[in-house]
Structure formats: C-alpha cells, structure tokens
Amino acid sequence: MNKFEQERIEKVNKLKECGLDPYGSKYENTKSLCNIVEEYTDEKEGTTVRVAGRIMTMRPHGKTAFLDIRDRTGKIQAYIKKDKVGEQKFDIFKLLDLGDIIGVDGELFKTRTGEVTVYATDFTVLSKAILPPPEKWHGLKDVELRYRQRYVDLFSNEKSMNTFLNRIKIIKWIREHLDNSGFLEVETPMMQPIPGGATAKPFITKHNTYDMDLYLRIAPELYLKRLLVGGMERVYEMNRNFRNEGVSTKHNPEFTMIEIYQAYSDYEGMMTLTESMIAGIAEKLYGCYKIPYGDLTLDLTPPWTRKKYCDLLKEYAGLDMADKNAVLEKAAELKISTDGKENDEIVNDIFEEVVEKELKMPTFVIDYPKSLCPLTKACDDNPDFAQRFELYMASMELANAYTELNEPLEQADRFRKQAGDGELGGKVDEDFLHSLKYGMPPAGGLGIGIDRLVMLLTNTVSIRDVILFPLLRQ
RNA sequence: GCACCCUUAGCUCAGCCGGUAGAGCAACUGACUCUUAAUCAGUAGGUCGAAGGUUCGAUCCCUUCAGGGUGCACCA
C-alpha cells in the first residue's frame, strides 16, 4: 500500500467519524449530464437538479471550488461555495479527491465564461476512491495498463469509452437489421463434443460427471444448419468463438462472430445483405458512406466491387491458376513452400501473399477453388469452383459466405476426405450429416467478424482496442 | 514459436561518453469566494521490471528471465 492509499483511507475514516457513509447508497439523480448541458437555456437558470458522477478535475479557490463531474454521457461543472453549502459541509468537501464519485444537488446557472454549472446546495459522497486516477491531461497511455485495468482506461480516456459505446451501437443495429428482416436469434452450444465448421485448433475442456471431453466451439455453423433442417429458415447467432491460435492485432483467442443463415437464398443474397447492413451501419455512425480508416478513406457506397478469385490472381499475380507449372514457379519466386500441398493450396498461399494486401476498398472476392470449401455448393457453370465469397476491406478479411452445400452424400464425401487429413482430429460430425439426410433447404450462409467490423467502423488498428478485456499473460 | 523494440515517482515523460535521479500533473502544508490544464509559495515522493555478470563505480555495457508492443509464423 502506498502513501496515496493511506492518505485517502484516512479521509475515509474521517468521513465515517463525521457520521457519513463514504460508500453511499441509492441516489436518484434526475438526468444524464449530457442532457442537462445540451438542454440548458437561459430560462432554466435556477432550476434544481441532482447529478452524480466521478470527480475528474478540481479547481479549488479557498472558500469556493469548481469540480468537473463525469458520467457515461458527458461532464458538467459543479460550483461549491462555502456560503452556499455551509461551513460544516465545506469541511467535508475538503476531504474529497479526484476520482471520488459524488452526487450534487444544486441550481443550474451559467458562469461568467458561459459554462453550464450546478451551483451546489448540497453534495453526497457516493464512493470514496482510495487510489488516485491517472494524470488528468494525458490520461492512461500505457497500453498494458489500459488492457489490464480497462476500468481505469474507460473512465480516464474518453476515446476508449466512445469506441466501446460505438461497438455496442453497431451490435444493436445488426440485431435490429436482422430482426426486422425476419431472422431469429438463436443460441447453440459453445461446448461441443466435435468442434466443426472451421479448421482451427480448439480449446479442450472436460465435463466431470459425464467424464466427457468437450471443445469450446470454433464456429457455430453445423448447429445453425441443423436449425435450417428443423425449419427455422432464417437464423443468426452473434456470440463468441474460441480458437487456440496465435494472438495479433487482428486475432484474439476468443472473438465475436455473427453467423447468419437464410433458407432459399444463396451467396448472392448474402452479398446484398452484407452490403446493405454494413453500409447502413456506417451511415448511422458517420452520416455518410465514406469513412476514415488509418490513411484510407473507405467508400462503402453500395454496390461493392465483386471480383472472381481467379481473375484477381491474374490481375495481381499474373497467374493462371490452372497452369500448375506457372503456380510452382510463382510459389518459388515468392519463397512459398509447396511441400505436400495440392495445387489449390499453393494457389491460395499465393493469393494471400499477393492479392489480399491490395484489397483496400470493400471487395467481394467470389468463386473460390472448391477444394478449399468443404461446406460450399459448387458453381453451376464450373465444378472446380464453389459459390463462396470473402469480403475484404483495408486488406483485412471481414466476412465469409457460401451457398451452403445441402446435398447429404456429397457433404459426407467431402468430410471424409478432410478427416483423412487429420485436420479435425479425424472426427466427423455424423449427426450433422444425418440431419442433412432429412433435407436442408438451399440456403445462403454468412459469417462476419464483429471485432474486425468494429475496428473498421471505429478507425481502430488493434483488435485489443475493441475487446473490453483482451487476453494477456498472467 | 522467431526477430526487433520498450519497461525510470501514482500518471505522462526527460536522463548526454558509465560517476549513483529530474520535470509536469497528482499528493501534502499555506494563500486565494466565477475557475476551467486555475494561480502563487513551500514540502515530500524512486528496489531505474527481476536476477546475475563486467567495472573502482551500472538506470546506462553484457547474459538470463518476466511482462508489453510491432512484424513474421500460425490462422479456410
């Protein structure tokens, strides 16, 4: 315990000696601070208000003081004067510190310099802080502390609070958009006996009573498609996925994903949905379709560019992916390993190396090589390609969608081939295959990385800045 | 997992060629009844991330470790 704490604990004790509870109780504050300030007019001078919040700055002047009090919506200035609150109360005021949470009763007025202020008639200590807040001007800068002690980051860095408030809005608008389009929000298992729907490494856990290994889900896909079989027709789930892999500015081991399935639609339908939903949210957030991201200005005005995977390869790598020798040459040129890889896998490595970084403006990359898409229906006009798109923006993969493969025997074949690779621990979700045999309607399916979407829409470079409590070492 | 960089007061940061630590804010004492990064005077505050090594002497050079950042790898 340092001297700051000790000094403040002494003040806590003094408040108790004065018969006050330094940790308050229910306090009926009338309005948010932002509303009070915005709605103030000269006629409102003298109106009584009751406000509550954290003391952010203090400017004492002997027998008076100005305090800035902040709540979630904004801040307001309070003016405390010895003559107004009385001598006893003014002595109590002297025990207040930056960071304390207080309530203030008073009358509204405008100061000489035009700031809306509460002229305190009384105040209440609601929570006495025994640690000092960070520096008032610079806030909390240390990124490690900002992540580990997000609570301090939130109350001391307005920008951080705003990012998370925007995240909350974005998620709310996505739900609104889908709910208004007849989609049902569902919840499927986070703990799965066989992790499916993607090929990431899972976290393993164990159920004691059943003596059963379980995996934290890497994707909800196979369960959501069971619901299509069940007849729910339009479903979505927005929640956490868990992947036991590296951490980077674009990857957190637990991350939020939305998966959306629409019966009788296809990947074209999913493109339209993606476009209208994301552009709509950008418009609500910024008032226009052009949004800043780093050095870029992303133009989200629909419709967005759609380009075929193989055409992009030609455009940026000068490569015809059917020409296997050319593919090997290109791989060698880029120092991409080709050991034990199929042609399509090498092609995809080249794509990721060469093309992805060029995709800055919103671009739907469509029609992926079928071998890379075990859950996707083949293109009608070419059986080597699948009806899949990935959405790229600012060189970042943001969404992934298919026309879902609903042919049970074909799906079984593709799973068994993949299980042969050992990618899913050799396990095939037989019940999912069983469900398809009852008939799944043709459907479009879409997954959007919510954290990355929030990054793009809030102009944030690191995923850790849009996740309240990102994973850090102990 | 690999490479590079960072870690100094509660917070934000200085610290030269290796000579043993500085500022602002915050705190404490005092002055001040419309300030707003309030002002003025004074006081206190440090295991320089940790452990070892080199040296007469290490915040500074070397090694190891911990945590963090960035890039790479991993990641349909």
Side-chain angles (χ1 to χ4, degrees), chain A residues 1-8 10-11 55-68 75-85 90 94 97-99 109-117 119 129-149 152-153 156-157 197-202 218-219 221 241 243-253 255 309 335-337 344-345 348-349 351-353 356 365 368-376 386 388 390 397 400-402 418 421 423-424 447 449 461-462 464-465 470 472-474:
Chain A
M1 190 177 306
N2 63 33
K3 94 178 182 166
F4 294 95
E5 274 183 83
Q6 286 186 353
E7 279 166 5
R8 286 179 178 230
E10 273 169 38
K11 291 177 182 173
I55 303 175
M56 300 308 290
T57 59
M58 218 188 309
R59 294 175 293 283
H61 299 264
K63 297 182 180 66
T64 65
F66 291 90
L67 313 181
D68 287 333
K75 65 166 201 183
I76 198 164
Q77 181 170 258
Y79 181 45
I80 292 180
K81 189 155 92 168
K82 192 173 182 176
D83 292 351
K84 191 83 169 177
V85 297
F90 200 75
K94 288 177 185 161
D97 286 297
L98 296 186
F109 80 109
K110 236 179 194 175
T111 61
R112 208 181 272 163
T113 48
E115 180 159 353
V116 179
T117 301
Y119 194 169
I130 60 175
L131 283 174
E135 210 247 10
K136 64 183 174 185
W137 190 241
H138 298 93
L140 189 65
K141 280 263 177 54
D142 185 304
V143 282
E144 185 175 354
L145 281 179
R146 286 185 48 234
Y147 299 150
R148 286 195 193 276
Q149 303 184 16
V152 180
D153 181 42
S156 56
N157 295 328
T199 51
K201 290 193 194 80
I218 53 176
E221 171 147 2
N241 288 346
R243 298 187 181 177
N244 204 343
E245 281 154 5
V247 174
S248 79
T249 48
K250 295 182 179 66
H251 301 263
N252 195 62
F255 62 102
Y309 184 91
K335 298 192 170 66
I336 291 170
S337 124
D344 286 353
E345 290 175 276
N348 202 44
D349 288 345
F351 187 92
E352 284 173 6
E353 177 76 23
E356 281 186 5
V365 179
Y368 277 65
K370 193 176 84 177
S371 66
L372 303 174
C373 317
L375 296 158
T376 312
R388 168 182 179 183
E390 285 193 0
E397 182 193 335
N400 183 16
Y402 323 131
Q418 201 185 28
D421 302 341
E423 279 294 323
L424 287 169
V461 189
S462 170
R464 290 178 214 108
D465 289 320
L472 298 176
R473 283 192 175 88
Q474 274 297 313

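The chains referred to below are lettered A, B, ... by the order of the sequence lines, with proteins before strands, and numbering in each begins at 1.
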Worksheet item: What residues, two or more places apart in sequence or in another chain, satisfy side chain to side chain contact (heavy atoms under 4.5 Å, CB included) together with A/S248?
Response: A/K250, A/H251

Worksheet item: Roughly how far apart, to the nearest Å, are B/rG22 and B/rA44 at atom C1'?
Response: 15 Å

Discussion item. Using the side-chain heavy atoms of A/Y79, tell me which of these nucleotides is nearest: B/rU33, B/rG71, B/rA38.
Written reply: B/rU33

Item to complete: Treat primed atoms plus P, OP1 and OP2 as sugar-phosphate and everything else as base, then score nucleotides 1-13 of chain B 5' to 3': B for base contact with protein heavy atoms under 4.0 Å, S for sugar-phosphate contact only, - for none.
Response: ---------BBS-

Worksheet item: For atom C1', what is the distance between B/rU63 and B/rU70, given to the nearest Å?
Response: 24 Å

Worksheet item: Taking atom P in both B/rG49 and B/rU59, what distance in whole Å separates the two?
Response: 10 Å

Discussion item. Using the ring pair (Phe, Tyr, Trp, His ring centres under 6.0 Å) criterion, which residues pair with A/Y402? Sequence neighbours excluded.
Written reply: none

Fill in: Residue whose nearest RNA chain B nucleotide is more 5′ - A/N400 or A/K11
A/K11

Discussion item. Just to verify, what does A/V461 make a side chain to side chain contact (heavy atoms under 4.5 Å, CB included) with, not counting sequence neighbours?
Written reply: none

Worksheet item: When rounded to the nearest Å, what value does the distance between C1' atoms of B/rG10 and B/rU35 take?
Response: 26 Å

Item to complete: Kindly write out the residues that satisfy ring pair (Phe, Tyr, Trp, His ring centres under 6.0 Å) with A/F109, not counting sequence neighbours, or none if the list is empty.
Response: A/Y119

Discussion item. Show me, range against range, the stems involving RNA chain B, built from at least 3 consecutive Watson-Crick or G-U pairs below 3.5 Å.
Written reply: B:1-7 with B:66-72, B:10-13 with B:22-25, B:27-31 with B:39-43, B:49-53 with B:61-65

Worksheet item: On RNA chain B, nearest-nucleotide positions of A/R464 versus A/R148: which is more 5'?
Response: A/R148

